[in-house]
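In the text below, chain A, chain B and the rest are named by the order of the sequence lines, each starting its count at 1.
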2 protein chains.
Amino acid sequence: NAVKELLLENQADYLIPAENVAHVMEENPLNHALLVLTKVGYSKIPVINKESQFVGLISLSAIVDAMFDLTEIDPDNLANLCVKDVMEREVKMLKPPYDIEKILHLSVDNPFIPAVNKENIFVGIITRRELLKAVNHLAHE
Amino acid sequence: NAVKELLLENQADYLIPAENVAHVMEENPLNHALLVLTKVGYSKIPVINKESQFVGLISLSAIVDAMFDLTEIDPDNLANLCVKDVMEREVKMLKPPYDIEKILHLSVDNPFIPAVNKENIFVGIITRRELLKAVNHLAHE
Ligand SMILES: Nc1ncnc2c1ncn2[C@@H]1O[C@@H]2COP(=O)(O)O[C@H]3[C@@H](O)[C@H](n4cnc5c(N)ncnc54)O[C@@H]3COP(=O)(O)O[C@H]2[C@H]1O
Ligand SMILES: Nc1ncnc2c1ncn2[C@@H]1O[C@@H]2COP(=O)(O)O[C@H]3[C@@H](O)[C@H](n4cnc5c(N)ncnc54)O[C@@H]3COP(=O)(O)O[C@H]2[C@H]1O
């Protein structure tokens, strides 16, 4: 249909390439991941392994949860934990060929969708912002 | 144009009403706000005053920033702070009559947009999820 066609024309531009995406390694200690998240200002970022494959997502809230003892924050709780201990592993990913219908469908419940190639190597992310820029553009024509 | 018309038809359904929106009061201590954010699971929520007017946004990252001393977390830093000390005050709001072009435009840079009435009373939020549900629906017809 018309909406799908219009969004499809610009498909190549939605992907933010891996080199522009903040990420951490699954072996990084949580203290380090907390500093990275605070510095880059994103609430959740991809996690990769030594082979540069996408393996999960790490969020500020997961790290804050790890600091809590009941209702008290204790930063020492992070001392023996690393990213892979608290990262989300159940993550919907995009694999080629990228399908705009699938991208739109996933964007309803996911602020960003990680993309990988055939070897599961992390290649970038598609964000809600990029999709809404395109929709906004269409609505203004 | 067609996209705008289609999105306009469903305009009334985009707003999540205030009673379904997690929020805190500007006078709440930051410890309390941290617990609320952790419990509801949202990264950023509206702040209202005693008159139920919208006054700002409070985020998990703003509270985590307040806990930092250089690179160390110290929860005691929150003891003397309340929501209004760290909330974002410069916030784009929607006022009636709501305009779908403006809503789409704001959604490009804002995960959600607070809506108020003529007296600045908080009436709800419009989220990217609600907009993308509509776009997704259109693209699948
Ligand atoms: N430094 C910044 N500069 C400009 N705008 C900023 C920004 N940080 C946040 N925003 C705005 O806030 C939205 C939500 O950011 P959040 O970090 O929660 O959620 C982000 C974050 O989890 C992830 N993300 C986006 N860009 C990223 C990047 N370059 N590296 C790593 N993760 C990224 O994708 C989610 C959705 O991103 P999206 O762009 O749709 O939506 C972003 C964007 O509109
Ligand atoms: N408990 C939950 N159940 C189902 N899905 C959940 C969820 N918590 C988060 N999500 C998903 O994650 C997205 C980002 O949530 P976040 O809390 O960073 O960012 C949220 C949050 O800052 C705010 N928000 C959404 N609903 C809210 C509510 N009921 N009360 C307060 N703030 C809300 O608007 C932003 C964008 O929301 P949006 O729905 O577009 O996008 C949400 C939604 O797709």
Side-chain angles (χ1 to χ4, degrees), chain A residues 1-8 30-32 34-35 37-44 59-78 99-112 127-141, chain B residues 1-8 30-32 34-35 37-44 59-78 99-112 127-141:
Chain A
N1 62 49
V3 173
K4 194 170 143 198
E5 287 309 309
L6 291 163
L7 289 174
L8 216 66
L30 276 194
N31 290 309
H32 173 78
L34 178 59
L35 287 174
L37 284 168
T38 306
K39 176 163 173 288
V40 300
Y42 293 116
S43 62
K44 187 184 281 194
S59 68
L60 184 62
S61 47
I63 300 177
V64 171
D65 284 351
M67 283 198 280
F68 267 110
D69 275 331
L70 289 177
T71 61
E72 296 300 318
I73 288 277
D74 182 358
D76 296 340
N77 285 343
L78 300 186
D99 165 17
I100 191 70
E101 270 193 36
K102 180 139 186 81
I103 292 171
L104 268 177
H105 177 72
L106 288 176
S107 77
V108 169
D109 283 324
N110 298 283
F112 71 99
T127 61
R128 280 175 171 170
R129 180 170 186 273
E130 289 304 312
L131 294 169
L132 287 163
K133 267 205 292 186
V135 175
N136 189 38
H137 188 68
L138 292 180
H140 277 88
E141 275 164 16
Chain B
N1 62 48
V3 173
K4 194 171 143 196
E5 288 308 310
L6 291 163
L7 289 174
L8 215 67
L30 276 194
N31 290 309
H32 173 77
L34 177 58
L35 287 173
L37 284 168
T38 307
K39 175 163 173 289
V40 299
Y42 293 114
S43 62
K44 185 184 282 193
S59 68
L60 185 62
S61 45
I63 300 178
V64 170
D65 284 352
M67 283 198 280
F68 267 110
D69 276 330
L70 288 178
T71 61
E72 296 301 319
I73 289 275
D74 182 0
D76 297 339
N77 285 342
L78 300 186
D99 164 18
I100 191 69
E101 270 194 35
K102 180 138 186 80
I103 292 171
L104 269 177
H105 177 71
L106 288 177
S107 76
V108 169
D109 283 325
N110 299 281
F112 72 100
T127 61
R128 282 175 170 170
R129 182 170 186 272
E130 288 304 311
L131 294 168
L132 287 163
K133 266 204 291 187
V135 174
N136 189 38
H137 188 68
L138 292 179
H140 278 88
E141 276 163 19

How many angstroms lie between atom [atom1] of [X] and atom [atom2] of [Y], to the nearest 0.5 angstrom?
X      : Y      : atom1 : atom2 : answer
A/L132 : B/L132 : CG    : CG    : 4.5 Å
B/E72  : A/L35  : CD    : CG    : 8.5 Å
B/T38  : A/I73  : OG1   : CD1   : 6.5 Å
A/L131 : B/L131 : CG    : CG    : 12.0 Å
A/L138 : B/L104 : CG    : CG    : 9.5 Å

Any idea which heavy atoms bring A/E101 and B/N136 closest together, and the distance?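 Of all heavy-atom pairs spanning A/E101 and B/N136, the closest is O-OD1, 4.2 Å.
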Looking at chain B, which one of A/D74, A/L34, A/T127, A/N31 has the largest number of heavy-atom pairs inside 4.5 Å, strictly under?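 If we count pairs closer than 4.5 Å to chain B, A/L34 comes out on top.
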Chain B: which of A/G41, A/S107, A/S59, A/S43 shares the most heavy-atom pairs with it under 4.5 Å? A/S107
Please say which of A/R128, A/R129, A/E130, A/H137 ends up in a side chain to side chain contact (heavy atoms under 4.5 Å, CB included) with B/V108.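 Among the candidates, only A/R129 passes.
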